[in-house]
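I have placed the structure first, in the form of structure tokens, so that the comments after it can refer back to it.
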2 protein chains.
Amino acid sequence: MVTSHPATEERILEAARRVFHRKGFDGARMQEIAAEAGINKALLHYYFRSKENLFDAVFKEAFNELINKIFTIVGSELSFEEKIRYIFNDYIGFMQKNPYIPSFILNEIHHNPARLTELINSLPNPPSGIFSQVKKSLEEEGMADIDHRQLVINIIALSVFPFIAKPLIKNIFNFSEEDFTGFIENRKKELPDFIFKAIHS
Amino acid sequence: MVTSHPATEERILEAARRVFHRKGFDGARMQEIAAEAGINKALLHYYFRSKENLFDAVFKEAFNELINKIFTIVGSELSFEEKIRYIFNDYIGFMQKNPYIPSFILNEIHHNPARLTELINSLPNPPSGIFSQVKKSLEEEGMADIDHRQLVINIIALSVFPFIAKPLIKNIFNFSEEDFTGFIENRKKELPDFIFKAIHS
DNA sequence: GTCTATATGGCGATAGAC
DNA sequence: GTCTATCGCCATATAGAC
């Protein structure tokens with residue numbers, strides 16, 4: 001895994017990202033990753049002993065990016081309202097730049113629950129701490145009656161779902177790629193107020 | 001596909017559902033489906049010529065169930081408020097009974113966009129008609145200012161997402177299976193008011 | 001219709017030369 | 001470190017007996 005020729009390892013990882021993100025573990029082929037990286041299969045195994053190892057590196061990286069992105073905002077010192085606005089703007093923005101990651105993660109977490117537990121346990125900030133902080137924020141805002149966990153899931157659902165369902169959305173609304181981009185840009189603007197109205201009595 | 005022994009074909013389909021829903025096309029094995037159905041691989045090919053054919057039958061069925069469920073409610077003669085309540089109650093209820101279908105559909109639609117277009121075109125009620133009806137409902141309720149397409153996606157996102165992200169949710173909240181069930185039951189109760197508050201000015 | 005046996009190809013992984 | 005060649009296995013699919 002550590003070598004005197006980092007350029008090759010990084011090229012393998014880039015190729016592996018492209019292929020695994022799109023096709024998942026079962027659909028990906030070592031031959032395709034090798035071709036994308038401009039090398040041959042044998043060299044893949046020289047750097048990362050097995051398909052599973054290579055996949056783990058890619059999965060871990062994507063998972064941490066996706067989770068830390070949101071946990072960093074939630075766990076920051078911003079006001080409650082600012083946090084909501086930042087999440088919708090930055091989190092959706094991240095997925096616009098990495099449109100395959102949400103489906104990739106949400107699909108692969110079903111296949112290996114043990115790895116998921118391990119990854120969550122090794123996060124820099126434990127989720128339990130983040131969530132008790134959310135709860136405290138809500139109490140300070142005088143909204144102690146709403147379940148903070150339901151709210152967190154609602155916010156993530158509204159952010160992530162359009163990217164998971166993109167092909168379906170494009171089809172049922174007859175959206176071009178530009179239409180879809182516009183639809184997402186509108187969400188960034190409209191979702192914060194949607195949430196504020198929903199939670200303020 | 002049509003035969004004098006329907007019991008076998010139905011047993012194959014039941015087995016194929018169980019395996020494909022959980023593992024997707026790439027992860028499923030014809031051997032496993034045969035074993036689940038209590039027959040051998042050769043007989044699978046006798047009834048459904050290829051893995052792809054068998055998968056298509058399973059996919060089409062799940063897709064139509066998932067889409068028609070919601071389109072039937074949306075296109076019904078219920079009042080706007082009733083529709084919202086029915087969607088959250090019945091749609092979430094359907095997914096509680098079929099927890100693998102949302103992930104299955106949302107994952108596989110990425111792999112064959114052509115089949116998706118075909119399936120949508122063959123729906124009993126065309127989506128465009130359903131959505132113009134939603135728009136009309138909103139105008140009658142004096143809520144013409146909100147984008148009906150954004151609202152539809154929000155409602156579906158809030159319903160579907162917890163099932164797609166179930167392993168993640170259980171992990172980060174330290175939920176047992178019973179905790180998760182309770183969490184979903186609470187959503188059924190709370191989501192209608194969440195939406196009503198969000199859209200009423 | 002249902003089985004056993006087998007064809008055929010592709011996959012992950014390794015051996016060994018350079 | 002990087003390559004070519006190949007092993008061993010397992011997948012889908014078919015042939016052919018009953």
Side-chain angles (χ1 to χ4, degrees), chain A residues 1-62 104 107-108 110-112 114-115, chain B residues 1-62 104 107-108 110-112 114-115:
Chain A
M1 228 86 105
V2 175
T3 158
S4 59
H5 192 175
T8 302
E9 187 174 346
E10 187 44 44
R11 268 173 45 231
I12 291 174
L13 276 171
E14 281 165 18
R17 260 174 232 135
R18 283 195 292 272
V19 176
F20 279 132
H21 286 182
R22 261 171 260 227
K23 310 204 169 175
F25 182 82
D26 292 327
R29 295 291 166 252
M30 293 297 265
Q31 174 54 50
E32 189 180 354
I33 296 172
E36 280 261 338
I39 57 166
N40 56 38
K41 281 191 296 176
L43 206 54
L44 287 187
H45 286 89
Y46 175 79
Y47 278 89
F48 299 85
R49 226 177 71 248
S50 68
K51 183 182 181 183
E52 190 112 5
N53 269 335
L54 181 52
F55 177 82
D56 275 355
V58 170
F59 182 83
K60 191 171 181 167
E61 179 190 64
F104 171 65
N107 186 46
E108 299 295 339
H110 291 275
H111 297 341
N112 193 342
R115 176 182 50 212
Chain B
M1 228 87 102
V2 175
T3 158
S4 58
H5 192 172
T8 302
E9 187 175 346
E10 188 45 42
R11 268 173 46 231
I12 291 174
L13 276 171
E14 280 165 19
R17 262 173 231 135
R18 283 194 292 273
V19 177
F20 278 132
H21 286 181
R22 263 170 255 233
K23 311 204 168 173
F25 181 82
D26 292 327
R29 295 291 166 254
M30 294 297 265
Q31 174 54 51
E32 190 180 354
I33 296 173
E36 281 259 338
I39 56 165
N40 58 36
K41 283 187 294 175
L43 206 52
L44 288 187
H45 285 89
Y46 175 80
Y47 278 90
F48 301 84
R49 226 177 69 247
S50 69
K51 183 182 182 182
E52 190 112 3
N53 269 336
L54 181 53
F55 177 82
D56 275 355
V58 170
F59 181 82
K60 189 171 182 168
E61 178 189 65
F104 170 66
N107 186 44
E108 300 295 340
H110 291 276
H111 297 341
N112 193 342
R115 177 182 49 211

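From a predicted model like this one, the values you see are computed outputs, not experimental measurements. Values reported hereafter were calculated over all heavy atoms of this structure, with side chains retained and with hydrogens, waters and symmetry mates removed. Convention: sequence-line order gives letters A, B, ...; per-chain numbering from 1.
Applying the side chain to side chain donor-acceptor pair (under 3.5 Å) test to every pair with at least one member in residues 13-22 of chain A, sequence neighbours left out, gives these pairs: A:E10-A:R17, A:R17-A:E61, A:R18-A:E36. Applying the side chain to side chain donor-acceptor pair (under 3.5 Å) definition to pairs two or more places apart or across chains, those involving residues 25-35 of chain A are A:K23-A:E32.
Atom CG of A:L43 sits about 10.5 Å away from atom CZ of A:F48, to the nearest 0.5 Å.
Taking only side-chain nitrogens and oxygens, A:H45 never comes nearer than 4.0 Å to OP1 or OP2 of C:dT14. Between B:T8 and the phosphate of C:dT2, there is a side-chain N or O to OP1/OP2 separation shorter than 4.0 Å. At the phosphate of C:dA13, neither OP1 nor OP2 sits under 4.0 Å from any side-chain N or O atom of A:Y46.
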side-chain contact (heavy atoms from CB on, under 4.5 Å) between A:F25 and A:H111: does it pass, once the steps are laid out?
CA-CA 10 Å; A:F25 182 82; A:H111 297 341; over 6 Å; no
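When the C1' atom of C:dA13 is taken as reference, atom OH of A:Y47 falls 18 Å away, rounded to whole Å. Remark: P of D:dT2 and CD of A:E9 are 11 Å apart, rounded to the nearest angstrom. Put simply, NZ on A:K51 is 17 Å from C1' on C:dT14, counting in whole angstrom units.
DNA chain C lies under 4.0 Å from at least one heavy atom of each of the following residues of residues 15-43 of chain B: B:I39, B:N40, B:A42, B:L43.
Legend: residues meeting side chain to side chain donor-acceptor pair (under 3.5 Å) with A:N40, ordered by chain and number and at least two apart, are absent. Not a single side chain to side chain donor-acceptor pair (under 3.5 Å) links A:H45 to another residue, sequence neighbours left out.
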